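Input: a single structure, listed below in structure tokens.
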There are 2 protein chains.
Amino acid sequence: MSDPDAPLPTDAELSILRVLWREGPSTVREVLAHIDDAGYTTVLKQLQIMRDKGLVTRDESSRAHVYAAAVQAASTEKRLVDDLLDRAFGGSARRLVAHAIAGDSVSDEEIGAIRDLLDSVQSDDSDDGPDDS
Amino acid sequence: MSDPDAPLPTDAELSILRVLWREGPSTVREVLAHIDDAGYTTVLKQLQIMRDKGLVTRDESSRAHVYAAAVQAASTEKRLVDDLLDRAFGGSARRLVAHAIAGDSVSDEEIGAIRDLLDSVQSDDSDDGPDDS
DNA sequence: CTTGACATACGAAGGCATTCGTAGTATCAT
DNA sequence: ATGATACTACGAATGCCTTCGTATGTCAAG
């Protein structure tokens, strides 16, 4: 249920993955349209590298190959958070969360939503978070 | 009150900064004692580079120079979290926190502490978090 | 068939992070 | 004084990330 082997995406790779997660399988040109300040062959090369790494797959049936994310957004995001958790906070989720919610840009609405998350985590673990606005 | 100019620390740099934050001003050898799998000159070189970047300062009055963090733990951690927030979550603190607390290793005690943090952020902003166990 | 548009493949360059060897220098005990 | 010890400075190698230029291939229209 996770993505065992593929490495953590780098910066540029994550930008591309986020496009694929949001837009679904896409050609190089389609990905390019959602990335700022990048040349065509740059995105192409990145996707080729990402394919080697197992981060994306591609469908070659059309002339313009169609790339799709080979790793799930949720598990990848989780690993990125865990990585930072280890590197900067010694594994203390509380200290990381403290910084995440300390920002000026966190609305009371968000705070409320996070509170709901805490409820669902602490009590039971039936299914995932309430929703995803 | 923040650390304007110094860049975000890299991986190895963060490891060293965390030692300095925890142990206070230290010599190369003292830092080395808290780092796993690193040679003496490696740590030395890192500290020299970090000095060039403005991440640490050093006191040369003793033969063994004493290095001290030049950036605050809190603001650096905040910037690291904000960086991940931007790169992976489009700025949504809720989505980041969801992953941070979803871990199996987050105790109910931690959950409670995070809930307290939410209270202090949402309602008043008199002074900082309750404590730091 | 030729041409133009568009696609992929590949190599290479530049930059940064990380590591470590070597050389030079100061300190101290004998 | 001298040799051992500990420290700093510096250069260089390695590897990864990112970018882009160039070569090559394919397809459709004239």
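Order of the sequence lines fixes the chain letters, A, B, ..., with proteins taken first and strands second; residue numbering starts at 1 for each chain. None of these values were measured; they are calculated from a predicted model.
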Protein-nucleotide distance (B:Arg87, atom CZ; D:dC17, atom C1'), rounded to Å:
13 Å
Where the side chain of A:Leu44 is concerned, which of D:dT18, D:dA9, C:dA9 is the nearest nucleotide?
C:dA9
Around B:Glu109, counting heavy atoms of other residues, nucleotides and ligands shown, do more than 12 lie under 6.0 Å from its CD?
no
B:Arg58 or A:Gly39: which one's nearest nucleotide on DNA chain D is closer to the 5' end?
B:Arg58
When you get a sec, tell me which of C:dA7, D:dC7, C:dA17 is the closest nucleotide to the side chain of A:Ala64?
C:dA7
Report the residue (A:Tyr40 or B:Glu13) whose heavy-atom-nearest nucleotide on DNA chain C is the more 5′ of the two.
A:Tyr40
Below 4.0 Å: OP1/OP2 of D:dT8 and any side-chain N or O of B:Gln48:
no
Is there a continuous path of hydrophobic side-chain contacts, each under 4.5 Å between heavy atoms, that joins B:Val121 to B:Ile111?
yes
Among D:dT8, D:dC20, D:dA12, find the nucleotide with the atom closest to the side chain of A:Thr42.
D:dC20
For the pair made of CG in A:Leu17 and P in D:dC17, what is the distance, rounded to whole Å?
13 Å
Of the nucleotides D:dA9, D:dC7, C:dT18, which one has an atom closest to the side chain of B:Arg29?
D:dC7
Of the listed nucleotides (C:dA17, C:dA9, C:dG21), which one gets closest to any side-chain atom of A:His65?
C:dA9
So, A:Asp86 and A:Arg79, do they make that salt bridge, N to O below 4.0 Å?
no
Most 5' of A:Thr41 and A:Leu8 on DNA chain D, judged by nearest nucleotide:
A:Leu8
In whole angstrom, what separates B:Leu32's CG from D:dC7's P?
10 Å
When you measure only distances, ignoring hydrogens and angles, does the side chain of B:Arg63 come within 3.5 Å of the base of D:dA6 through a donor and an acceptor?
yes
d(CD1, B:Ile49; P, C:dG15) in whole Å:
17 Å
What's the CZ-P distance between B:Arg51 and D:dA9, to the nearest Å?
7 Å
Between A:Lys53 and A:Thr10, which heavy-atom pair has the shortest distance, and what is it?
NZ-CG2, 4.2 Å
Looking at A:Thr10, does any N or O in its side chain come under 4.0 Å of the phosphate oxygens OP1/OP2 on D:dC16?
no
Between D:dA9, C:dT19, D:dT19, spot the one nearest the side chain of B:Lys45, thanks.
C:dT19
Between CD of B:Glu30 and P of D:dA6 the distance, given in whole Å, is 15 Å
Could you state the atom-to-atom distance from CD1 of B:Ile16 to C1' of C:dT18 in whole Å?
11 Å
For the pair made of CG in A:Leu47 and P in D:dT19, what is the distance, rounded to whole Å?
12 Å
For residues B:Leu32 and B:Ile16: do they belong to one hydrophobic cluster (side chain heavy atoms under 4.5 Å, members Ile, Leu, Val, Met, Phe, Trp, Tyr)?
yes
